[in-house]
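First comes the structure, then the notes that go with it.
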Amino acid sequence: MDINELNDQRLRRREELKFFEEKGIEPYPYSYSTTHTAKFILENFDDTNPAPLSNVSIAGRIMTFRRMGKATFCDLQDETGRIQVYFRKDDLPEMYDLLKYLDIGDIIGVEGFVFRTKMGEITVHTRNFTLLCKSLTPIPVPKIEEDEKGNKIVHDQFTDKELRYRRRYVDLIVNSEVREVFRKRAKIISFIRNYLDNRGWLEVETPILQPIYGGATARPFITHHNALDIDLYLRIADELYLKRLIVGGFEGVYEIGKNFRNEGMDRMHNPEFTALEIYVAYKDYFWVMELVEDLLNSLVLNIFNSDKIVYNGTIISFEKPFQKVDMFDLFTKFIGEDLLSKDEIELFKIAKRLGLELPENSNKVKILDEIFSEIIQPTLIQPTFVKDYPIEMSPLAKKHRSKPGLVERFELFICGFEIANAFSELNDPRDQRERFEEQAKLRAKGDEEAMVLDEDFIYALEVGMPPTGGLGIGIDRLVMLLTDQKSIRDVILFPQMKLEPKNL
RNA sequence: GACCCCGUAGCUCAGUGGUAGAGCAUCUGACUUUUAAUCAGGGGGCCGCAGGUUCAAUUCCUGCCGGGGUCACCA
């Protein structure tokens, strides 16, 4: 970067850096030993017995300065929180003047003793301090005011969404609630992994680069392998590979990983997103329903110490059992007609009557899907299993054991969005081939999202897959729900953005 | 992809057809228990980019870039 582009604050910091180097002070040292964290000190300081904290060493980023001549206070932020640090000229005869060359954003280590100030704040009284990293560019400096009731009022908060997403590291420094969201995300994923491991299932990793993409209906990202000179696709789902592992004799396999879909981005969609998929041999979708109920119920209990959460101001209960309802019963309830028996032309008329806009060549599946997602889905607030979908919507699900035209599939809806999708997995290779052929016809008619025939997958089914229950959970949406976030971008550390313009 | 809103100092934001203002941050000075520290003084802006209208544009118009939102597409 051209030096002329630096503003006064950045120039000043470079001068300070030079000052430290000329003084023989390393501005970027190699390590520092801490004995305590901010949180530990704040939680454990005892006014009647300060001795245990009479010699602490902490490290963190300077977030505020209050300089008062021969005394200075600043707030030091480490990963656990913020603690006030006190510097007194009398106690730091040689070093006190160095404080002048420190800025908000610098990282320092502080050794000293803990005491409580007149104003009642637990504070580290500095005996010695060390520069650990000179920050050369200023960060936003929101100020936090606490009113008499203890409510926190944040002034000059860093709110520009574009900058917050592009410079997530700054967002994380400055907006503590963002750190909490991602801690909770990690906790959720860790809980799920433990839960599945404890049930004895095997965590596996399947290819992200795939010669044939499958397992969902979506447009893929295409890439190229130079040595093999072939195009490969980034996976849109794990499903077909995990089922191959069930064929291989593992009786419970799961994967938590990224999928990639080359489609629109909005509040609910990011091009790469995290999914859990799990397949368990000898089980059907009724068993999977109980699994989902128990997994989510224990997850919520573990994180909230309650089976109720609040999302967008609404109390959501994860008490078992969740509601279960047949998709076509919902249609009857909301539309007043049994849609199962209707043909494409009748469905089209009904959709028009409901005021839905449909493309001219909409097939039966698209119309049903449209009616469901527009009219019914937004009303599914409390956890609700919707089950028994039309066969055309679900090319990898097993035909219903008693209801013609339907498959054994359910989806779980909470707060109007889909959290889980599960089937009794189709394991009849003859049927699977026919379903793929149906998809090929849709593709021929211009449906770019229709599935592609995967001969090797059919071959695997011919080798033989036991009856299997399968499940997919959108982890990002689950995290949104459990952290009360309205946009998927707020639960993904580095959401997809357009290229950064040069002038930013 | 369509439509609506937004883009002004490091951050949060005002404002005007005559090339800009506040608070915080920053700099100088004062201040040895402050906490949105305070007090006094100073510096800092291609007003997103490009073009047009105009004597004159940051302001009005058009296009572009970036962001947010709604819809479409999509689980």
Side-chain angles (χ1 to χ4, degrees), chain A residues 5-13 15-16 63-75 82-92 96 100 103-105 115-121 123 125 135-147 152-167 170 174 216-219 236-237 259 261-271 273 275 357-359 366 369-370 372-374 377 393 411-413 417-421 447-449 472-474 476-477 486-489 495 497-504:
Chain A
E5 291 178 33
L6 298 177
N7 64 34
D8 60 338
Q9 294 193 45
R10 302 183 70 189
L11 281 170
R12 166 72 187 171
R13 285 174 183 230
E15 284 166 13
E16 290 166 348
M63 298 304 288
T64 66
F65 260 118
R66 291 178 290 284
R67 306 175 198 257
M68 296 178 306
K70 299 187 181 65
T72 293
F73 289 89
C74 73
D75 292 340
R82 272 189 198 194
I83 189 162
Q84 180 167 261
V85 174
Y86 176 53
F87 303 88
R88 217 171 81 134
K89 181 150 186 170
D90 289 351
D91 300 323
L92 299 158
Y96 189 84
K100 218 177 119 180
D103 290 293
I104 289 172
F115 75 110
R116 190 184 291 273
T117 65
K118 270 189 215 164
M119 301 299 286
E121 181 146 354
T123 302
H125 187 126
S135 166
L136 292 183
T137 198
I139 54 173
V141 277
K143 300 229 168 180
I144 302 159
E145 182 185 17
E146 216 164 304
D147 67 13
K152 284 187 175 167
I153 305 160
V154 183
H155 300 269
D156 298 326
Q157 189 161 23
F158 181 50
T159 53
D160 184 311
K161 287 214 172 201
E162 177 181 2
L163 285 175
R164 287 183 52 205
Y165 294 142
R166 287 193 195 280
R167 306 212 172 122
V170 174
V174 157
T217 51
R219 275 179 285 178
I236 59 173
N259 291 339
R261 298 190 184 173
N262 205 341
E263 284 162 357
M265 294 157 60
D266 60 30
R267 212 164 70 250
M268 301 298 288
H269 300 85
N270 194 64
F273 62 99
E357 286 179 27
L358 289 163
K366 296 253 183 224
D369 196 26
E370 184 73 11
F372 184 81
S373 53
E374 285 300 309
Q377 189 173 327
M393 278 169 114
E411 294 188 300
L412 174 66
F413 293 90
F417 44 93
E418 182 212 337
I419 293 292
N421 180 23
D447 185 347
E448 286 184 73
E449 280 112 26
I473 291 183
D476 308 285
R477 290 176 184 181
K486 310 297 174 289
S487 169
I488 199 168
R489 293 184 153 191
M497 303 287 280
K498 289 196 192 174
L499 286 181
E500 190 166 7
K502 280 189 192 132
N503 60 1
L504 192 77

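Lettering of chains follows the sequences in order, A, B, ..., and the numbering in each one begins at 1. All values reported here derive from a predicted model rather than from experimental measurement.
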- Quickly work out the A:Glu121 CD to B:rU35 C1' distance and round it to whole Å. 6 Å
- Has A:Lys143 got a side-chain N or O lying under 4.0 Å from the OP1 or OP2 atom of B:rC11? no
- Message: Applying a 4.0 Å non-hydrogen cut-off, can you work out what A:Arg267 is touching in the nucleic acid: base, sugar-phosphate, or nothing?
- Response: sugar-phosphate
- Message: For a quick check of understanding: with a heavy-atom distance under 4.0 Å over all strands, which category does A:Lys486 fall into, base, sugar-phosphate or nothing?
- Response: nothing
- Look at all strands and tell whether A:Arg12 reaches a base, only sugar-phosphate, or nothing, counting heavy atoms closer than 4.0 Å. sugar-phosphate
- Return the set of residues passing salt bridge (charged side-chain N to carboxylate O under 4.0 Å, His left out) with A:Glu16 (not counting sequence neighbours), or none when no residue passes. A:Arg12, A:Lys134
- Query: Would you say the base of B:rU34 and the side-chain of A:Gln84 have a donor-acceptor pair closer than 3.5 Å?
  - Reply: yes
Between the protein and nucleotides 2-8 of chain B, which nitrogen or oxygen pairs are less than 3.5 angstrom apart?
none

- Sugar-phosphate, base or nothing in reach of A:Glu15, heavy atoms under 4.0 Å: nothing
- Any side-chain donor near an acceptor of the partner, A:Thr72 and A:Arg67, under 3.5 Å: no
- Note on the structure: RNA chain B nearest-nucleotide lookup for A:Asp75 and A:Lys100: closer to the 5′ end is A:Lys100
- Tell me what A:Ala216 touches on the nucleic acid: a base, only sugar-phosphate, or nothing, going by heavy atoms under 4.0 Å. nothing
- Message: Which is more 5' along RNA chain B, the nucleotide nearest A:Ser487 or the one nearest A:Arg219? Just name the residue.
- Response: A:Ser487
- Item | Between B:rU12 (P) and A:Arg164 (CZ): distance, integer Å | 11 Å
- Task: Not counting sequence neighbours, which residues clear side chain to side chain contact (heavy atoms under 4.5 Å, CB included) with A:Lys161? List them please.
- Result: A:Tyr165, A:Asp490
- Task: Quick one: label A:Thr159 by what it contacts on the DNA or RNA (base, sugar-phosphate, nothing), any heavy atom closer than 4.0 Å.
- Result: sugar-phosphate
- When you compare B:rG17 with B:rC61, how far apart are their P atoms, in angstrom units rounded to a whole number? 13 Å
- Query: B:rA57 and B:rC49: how far apart are their C1' atoms, nearest whole angstrom?
  - Reply: 15 Å
- Query: What is the distance from atom CG of A:Asp75 to atom OG1 of A:Thr123, rounded to the nearest 0.5 Å?
  - Reply: 8.5 Å
- Item | Phosphate OP1/OP2 of B:rU34: any A:Arg66 side-chain N/O under 4.0 Å | no
- Query: Rounded to whole angstroms, how far apart are CD on A:Glu16 and P on B:rA25?
  - Reply: 15 Å
- Query: What nucleic acid atoms does A:Phe73 come within less than 4.0 Å of, heavy atoms only: base, sugar-phosphate, or nothing?
  - Reply: base
- Under the salt bridge (charged side-chain N to carboxylate O under 4.0 Å, His left out) test, which residues partner A:Arg82, sequence neighbours left out? none
- Task: State the dot-bracket string of RNA chain B. Criteria: Watson-Crick or G-U wobble, both atom distances under 3.5 angstrom; notation: ( ) intrastrand, [ ] crossing earlier pairs, | interstrand, . unpaired.
- Result: (((((((..((((....[..)))).(((((.......))))).....(((((..]....))))))))))))....
- Message: Without decimals, in angstroms, what is the distance between A:Glu145 CD and B:rU34 P?
- Response: 17 Å
- Message: Under the rule for side chain to side chain contact (heavy atoms under 4.5 Å, CB included), what residues qualify as partners of A:Gln377, not counting sequence neighbours?
- Response: A:Phe372, A:Ser373, A:Phe413
- Sticking with atom P, work out how far B:rG43 lies from B:rC27, rounded to a whole angstrom. 16 Å
- Task: Name all residues meeting the side chain to side chain contact (heavy atoms under 4.5 Å, CB included) criterion together with A:Glu263; count only those two or more places apart in sequence or in a different chain, and write none if there are none.
- Result: A:Ala218, A:Arg219, A:Arg261, A:Glu449
- Message: Could you measure the distance from the CD atom of A:Glu411 to the CG atom of A:Asn421? Nearest 0.5 Å is fine.
- Response: 4.5 Å
- Task: Check every strand shown and say whether A:Asn421 touches a base, only sugar-phosphate, or nothing at a heavy-atom separation below 4.0 Å.
- Result: nothing
- Task: Looking at every strand, decide which applies to A:Asn270 at a 4.0 Å heavy-atom threshold: base, sugar-phosphate, or nothing.
- Result: nothing
- Do A:Arg164 side-chain atoms and A:Thr159 backbone N/O form a donor-acceptor pair below 3.5 Å? no
- Message: Tell me the interatomic distance from A:Arg116, atom CZ, to B:rU34, atom P, rounded to whole angstroms.
- Response: 15 Å
- Query: Expressed as a whole number of Å, how far does the C1' atom of B:rU12 sit from that of B:rA36?
  - Reply: 13 Å
- Message: Over all strands shown, is A:Glu418 touching base, sugar-phosphate only, or nothing at heavy-atom distances under 4.0 angstrom?
- Response: base
- Query: Taking only residues two or more places apart in sequence or in another chain, which ones pass salt bridge (charged side-chain N to carboxylate O under 4.0 Å, His left out) with A:Arg489?
  - Reply: none
- Task: Can you sort out the partners of A:Arg116 under salt bridge (charged side-chain N to carboxylate O under 4.0 Å, His left out), two or more places apart, ordered by chain and number?
- Result: A:Asp47
- Message: Once hydrogens and angles are ignored, does a donor-acceptor distance under 3.5 Å link the base of B:rG67 to the side chain of A:Asp160?
- Response: no
- Task: Please measure how far the P atom in B:rA56 lies from the corresponding atom in B:rG66, and state the result in whole Å.
- Result: 32 Å
- Task: Write down the distance between CG (A:Asp369) and P (B:rC73), rounded to a whole number of angstrom.
- Result: 10 Å
- Item | Main-chain N/O of A:Gly105 paired to A:Asp103 side chain as donor or acceptor, under 3.5 Å | no
- Query: Base, sugar-phosphate, or nothing for A:Lys118, non-hydrogen atoms under 4.0 angstrom?
  - Reply: base
- Just how far, in rounded Å, is P of B:rC71 from CD of A:Glu263? 18 Å
- Determine the Euclidean distance between corresponding C1' atoms of B:rU58 and B:rC24; express it in Å to zero decimal places. 24 Å
- Please measure how far the C1' atom in B:rU59 lies from the corresponding atom in B:rU19, and state the result in whole Å. 11 Å
- Query: Counting any heavy atom closer than 4.0 Å, what does A:Phe115 reach on the DNA or RNA strands: base, sugar-phosphate only, or nothing?
  - Reply: base
- Quick one: what's the B/S/- string for nucleotides 39-46 of chain B, heavy-atom cutoff under 4.0 Å, read 5' to 3'? ----B---
- By ring pair (Phe, Tyr, Trp, His ring centres under 6.0 Å), which residues pair with A:Phe417, not counting sequence neighbours? A:Tyr311
- Task: Using the C1' atom on both, measure B:rG23 against B:rU38 and round to a whole Å.
- Result: 15 Å
- Task: Give a yes or no on whether a donor-acceptor pair under 3.5 Å exists between the nucleobase atoms of B:rC74, that is its base, and the side chain of A:His269.
- Result: yes
- Item | Sugar-phosphate only, base, or nothing, as touched by A:Ile139 at under 4.0 Å among non-hydrogen atoms | nothing
- What do the steps show when you test A:Thr137 against A:Arg10 for side-chain hydrogen bond (donor to acceptor under 3.5 Å, both in side chains), and what is the final call? CA-CA 5 Å; A:Thr137 198; A:Arg10 302 183 70 189; 3.2 Å; yes
- Query: Is any N or O donor-acceptor pair between the side chain of A:Thr64 and the base of B:rU35 shorter than 3.5 Å?
  - Reply: no
- Item | Euclidean distance, atom CE of residue A:Met268 to atom C1' of B:rG69 [Å, nearest integer] | 16 Å
- Of all residues at least two apart in sequence or in a different chain, which pass the side chain to side chain contact (heavy atoms under 4.5 Å, CB included) check with A:Lys70? A:Lys89
- Message: Classify A:Gln157 by what it touches in the nucleic acid, base, sugar-phosphate, or nothing, heavy-atom distance under 4.0 Å.
- Response: sugar-phosphate
